[in-house]
Amino acid sequence: MRTLRINLDAIVHNLDVMRARASQAKVMGVVKANAYGHGAVEVARTLERAGVDYLGVADVQEALALREAGIAAPILAWLHDPSDDFVAALSNNVDLGIANIEQLGHIAKAAALTGEVAKLHLKIDTGLGRNGSTAAEWSDLLDAVKSLGDAVEVIGIFSHLSTTSRQDDLAQIEKFDAAVAEAKRAGVSFQLRHLTASDGSLAYPDAHYEMVRIGVALYGLDPFSTNKAAEYGLVPAMTAVSRVAQVKTVPAGHGVSYNFLHRTTAETNLALVPVGYAEGLPRGATGKAEVSIGGKRYPILSQIAMDQFVLDVGQDPIQVGDEVIIFGDAATGVPSADDLAAAAGTINYEIVTRMGGRFQREYFGAGQ
Ligand SMILES: *Cc1c(COP(=O)(O)O)cnc(C)c1O
């Protein structure tokens, strides 16, 4: 009664689109946060079969879940808590991002315990002000890495753009190049520089370095949430669908759902859809979002509740069991994740990533 249809062919297609744009650079498929709500294991398996070079996740637990599912591709995890199981990470061949000397210490200990060489990607904060080493601490971090000798191998040096403005991004690119040059001068060798995510990879083709880290574009979404996915050749992979659970005729002047944000103006039919904010449908989209039934758009005028919302469908011949598309591929005429994001005052990333609750994921395509 509530389904997230995940089109794995679209994900393979989007990988190819981004790979073609990245030309020589390797592509990391970012599958953190349950692959932005699409299902981490299924997406990672699909990307691995399609020959992705790397997988990216935020934390070690996410990486270990992929290893447990039999994913063998290189995986990088970059957001750590001191209590993370770095022993398990190293035993399972998970590359680790390094943001500071303290983290390096924990990981060096795990390397000594396991006898494994820790594969590191050193993260420099070039201006975003989030995870990563400050420029001031960078040379100490490089020295600390060097002092560990063969216990560690630096695979990559990376950073992340703010995409606040072109000027801000170019300043970050300059700082990144400076940090890389400093690593070289310090005698720290590495294989991969990686900086851009989906947005930066589309906006700055000269800043792809040896690898790009692609998340939202793999899921067929415009990283700028401006409904331009199709212009980039991307195909949205998630369609959120439900079915009408009840239809009833009510008189004029009938209040509908909490707070009576909608009141009927004539005798009409109400169609109940069993999807609510528990499923990730933002309550704040009430009055602004639209859904599609049989190719026709209906606004959600009444308050979205935990389990359900109600549509005023007038005299249209809507029946119990009719399919309701909450969002999907705009090219098919239905509302997009970008549309729902605009209605809720957020970005498409948040819409797809928070889809869950009682939705079931159904996979099709890519050899499924
Ligand atoms: C999430 C994330 C990405 C992927 O970002 P998209 O905008 O979804 O492509 C890349 N790099 C880092 C460090 C991230 O946290």
Side-chain angles (χ1 to χ4, degrees), residues 10-11 14-15 17-19 21-22 25-38 40 43-44 47 52-63 66 74-80 94-100 103 120-133 155-164 169 172-173 175-176 179 192-205 207-226 228-229 232-234 236-238 337-338 341 346-355:
I11 291 175
N14 297 328
L15 174 65
V17 167
M18 296 309 286
R19 203 168 8 213
R21 282 189 179 257
K26 291 176 187 289
V27 176
M28 172 187 287
V30 178
V31 295
K32 64 188 179 187
N34 202 24
Y36 297 43
H38 294 68
V43 170
L47 292 172
V52 79
D53 299 292
Y54 249 91
L55 295 169
V57 291
D59 66 38
V60 165
Q61 275 191 33
E62 292 178 303
L66 295 180
I75 302 178
L76 171 62
W78 56 70
L79 188 63
H80 312 306
V94 173
D95 292 19
L96 297 165
I98 298 288
N100 57 52
Q103 271 178 6
L120 308 181
H121 297 240
L122 308 181
K123 187 159 196 190
I124 174 82
D125 177 2
T126 52
L128 180 59
R130 294 194 331 195
N131 191 22
S133 165
I155 304 287
I157 294 182
F158 74 121
S159 189
H160 195 48
L161 297 176
S162 81
T163 55
T164 301
D169 291 340
Q172 279 195 261
I173 290 169
K175 286 187 182 153
F176 184 61
L192 307 170
R193 295 167 296 170
H194 46 106
L195 175 66
T196 56
S198 299
D199 47 8
S201 299
L202 291 169
Y204 311 113
H208 289 163
Y209 297 99
E210 286 75 49
M211 185 157 72
V212 294
R213 303 185 304 270
I214 307 298
V216 85
L218 283 182
Y219 308 105
L221 300 179
D222 170 4
F224 308 100
S225 292
T226 50
K228 290 190 175 149
Y232 302 121
L234 302 171
M238 180 189 287
D338 299 48
T346 185
I347 53 175
N348 54 20
Y349 289 75
E350 186 178 353
I351 294 297
V352 291
T353 303
R354 292 178 72 157
M355 283 293 133

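Ligands are counted one by one from 1 in listed order, and the atoms in each one are counted from 1 as well.
Q172 places a side-chain N or O within 3.5 Å of a backbone atom of H160 that can act as its donor or acceptor partner. Side-chain atoms of N348 never come within 3.5 Å of backbone atoms of I351 as a donor-acceptor pair (strictly under, hydrogens ignored).
M18 has its side chain within reach of L234: a pair of non-hydrogen atoms, C-beta onward, lies under 4.5 Å apart.
Expressed to the nearest 0.5 Å, how far CG of L202 lies from OH of Y232 amounts to 5.5 Å. Note that OG of S198 and CG of L218 are 6.5 Å apart. Values are rounded to the nearest 0.5 Å.
Among all protein heavy atoms, the one lying closest to atom 1 (C) of ligand 1 is K32 NZ, 1.4 Å. The protein heavy-atom contact nearest to atom 7 (O) of ligand 1 is Y349 OH, 2.6 Å. Among protein heavy atoms, atom 10 (C) of ligand 1 sits closest to R213 NE, 3.5 Å. Atom 5 (O) of ligand 1 has its closest protein heavy atom at A197 CB, 3.4 Å.
Around the CZ atom of R354, the shell of radius 6.0 Å holds no more than 12 heavy atoms that belong to other residues, nucleotides or ligands.
Inclusion of K123 in the set of residues having an N or O under 3.5 Å from an N or O of ligand 1 is not warranted. For ligand 1, the polar-atom distance check finds an N/O of S198 within less than 3.5 Å of one of the ligand's N/O atoms.
Using a 4.0 Å cut-off to heavy atoms of G215, the atoms of ligand 1 that qualify are 4 (C), 6 (P), 8 (O), 9 (O). Of all the atoms in ligand 1, the ones that sit under 4.0 Å from a non-hydrogen atom of Y36 are 1 (C), 4 (C), 5 (O), 6 (P), 8 (O).
Residues that satisfy the salt bridge (charged side-chain N to carboxylate O under 4.0 Å, His left out) test with R21, not counting sequence neighbours, are absent from this structure.
Not a single heavy atom of F158 sits less than 4.0 Å from an atom of ligand 1.
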